[in-house]
Protein chains: 2
Amino acid sequence: MDEHGTCGQHDHAHAHPHGPVRTAELVARAERLAQDLGLQFTTLRRRTLEVVAEEGRPLGAYDIAERLSVPGKRVAAVSVYRALDFLTEHGLVHRIASRNAFVPCEHGHGAGESAVFLICRSCGSVDETISAEIERSLDRTLAQAGFKPASRIVEIEGECGACQGRQGVE
Amino acid sequence: MDEHGTCGQHDHAHAHPHGPVRTAELVARAERLAQDLGLQFTTLRRRTLEVVAEEGRPLGAYDIAERLSVPGKRVAAVSVYRALDFLTEHGLVHRIASRNAFVPCEHGHGAGESAVFLICRSCGSVDETISAEIERSLDRTLAQAGFKPASRIVEIEGECGACQGRQGVE
DNA sequence: GCCCTGCCTGTTACAGTGTAACGACCGACC
DNA sequence: GGTCGGTCGTTACACTGTAACAGGCAGGGC
């Protein structure tokens, strides 16, 4: 429950070392959220969220559509986009702008907070962290420029710790 | 050269506090750079840079292609992409990931440094700033996560100072 | 001169990304 | 029942980006 308060330090959820984000947990959060706000957490939205959560790396909308499709029943990308609109709007998944792809939200943070995405060029994994320090310096810079922020995108490409270890690649 | 007079006749929303990037200056920088590194600053690359520099807002590759084309001679988008690859690689233009569009580099900074882009939702202008403070906090967060950064994307969407002033619509 | 090589450009083709528009369905509410 | 709003299916289309191949052009070696 009390996820917001305890996350003050550098205690962030590492999802990838252990495997994918807890799908069930994310779905439960979505259900609570829909309940509270009177929104519809439909089957398509739930399945889209599950597919994104179960993948260990960013998924494109068409990849998601393909995974949602079964021989008799094809899910069109446009439907996936609408589901993703819903999910991103409520902070359940994030869009990785530099990849045109989507990842599950690893934190319980609200949509207002800004996350930093660490994208590994070697293994393609994406880690999400939050730093109050970065937010502070961003706020300061924005205030100085007289700019009123609405949404923030911070994406760092590079090499994750695990991939630096096994240097040479397979 | 009169820098302000060039915009007098048109009422386009004009992005930069200091006026549009000086095209000639940017071209001169490119020429020096090509000279120093033994690279070819070809006509297509120069004209692409000029088109991007003269626009007050981010331009898509196809927009650039259209501006470069003349009735008899059409420039294909793929050529523009190659020119843009060259220009971004050498820090002459930047790609705005959240818009799939390109802006001229307003600073003389090297490719290593990371810029912060302030994208105005109202007028579409993009301002580029650099903050040592933000870089420091990013570095600290990355080091803590054991992540080795290669490139950084920081894009803030919101409302620029000028648009906050004239609140409503035009 | 001639060929070879490397780089740039033109062209075609195609895959991926994203949105607009219309219609049908369904549940809620009068 | 009828209306209204939201979701979804479907089609169509525009935009973004890359692969692959061919031609052109300059420089270097013979």
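Chain A is the first sequence line, chain B the second, and so forth, proteins listed ahead of strands; every chain is numbered from 1.
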Check the distance between [N]'s [atom2] and [X]'s [atom1] and give it to me in whole angstrom.
X     : N      : atom1 : atom2 : value
B:Q40 : D:dA26 : CD    : C1'   : 8 Å
A:K73 : D:dC8  : NZ    : P     : 12 Å
A:L84 : D:dT7  : CG    : P     : 14 Å
A:F41 : D:dT7  : CZ    : P     : 13 Å
B:R46 : C:dC8  : CZ    : C1'   : 15 Å
B:R74 : C:dT11 : CZ    : P     : 8 Å
B:L39 : C:dG6  : CG    : C1'   : 13 Å
B:L44 : C:dC7  : CG    : C1'   : 13 Å

*Under 4.0 Å protein heavy-atom contacts per nucleotide of nucleotides 15-30 of chain C, with B for base, S for backbone only and - for none*: --BBBBB---------
*Looking just at side-chain N and O atoms, do A:E128 and A:H107 make a donor-acceptor pair shorter than 3.5 Å?*
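Absent: no donor and acceptor within the cut-off.
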_Checking side-chain polar atoms at under 3.5 Å, does A:E155 have a donor or acceptor matched by the opposite partner on A:S98?_
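There is such a pair between these side chains.
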For residues 59-69 of chain A, run the donor-acceptor check on the side chains, cut-off 3.5 Å, and write out each pair with its distance to 0.1 Å, sequence neighbours left out.
unit_1: A:D63; atom_1: OD2; unit_2: A:G60; atom_2: N; d: 3.3
unit_1: A:R67; atom_1: NE; unit_2: A:E55; atom_2: OE1; d: 3.3
unit_1: A:R67; atom_1: NH2; unit_2: A:E55; atom_2: OE1; d: 3.4
unit_1: A:R67; atom_1: NH2; unit_2: A:E55; atom_2: OE2; d: 3.4
unit_1: A:S69; atom_1: OG; unit_2: A:A65; atom_2: O; d: 2.8
unit_1: A:S69; atom_1: OG; unit_2: A:V75; atom_2: N; d: 2.8

*Quick one: which of D:dT10, C:dT9, D:dT7 gets closest to the side chain of B:S79?*
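When the side chain of B:S79 is considered, C:dT9 is the closest of D:dT10, C:dT9, D:dT7.
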*Inspect the contact between A:R22 and A:E54 and indicate whether a charged nitrogen and a carboxylate oxygen are less than 4.0 angstrom apart.*
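A salt bridge is absent here (no side-chain N lies under 4.0 Å from a carboxylate O).
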*Testing A:I130, A:D127, A:I156 for side chain to side chain contact (heavy atoms under 4.5 Å, CB included) with A:V116, which one passes?*
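The passing option is A:I156.
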*Output field: ring centroids B:F117/B:H94 closer than 6.0 Å*: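 Yes.
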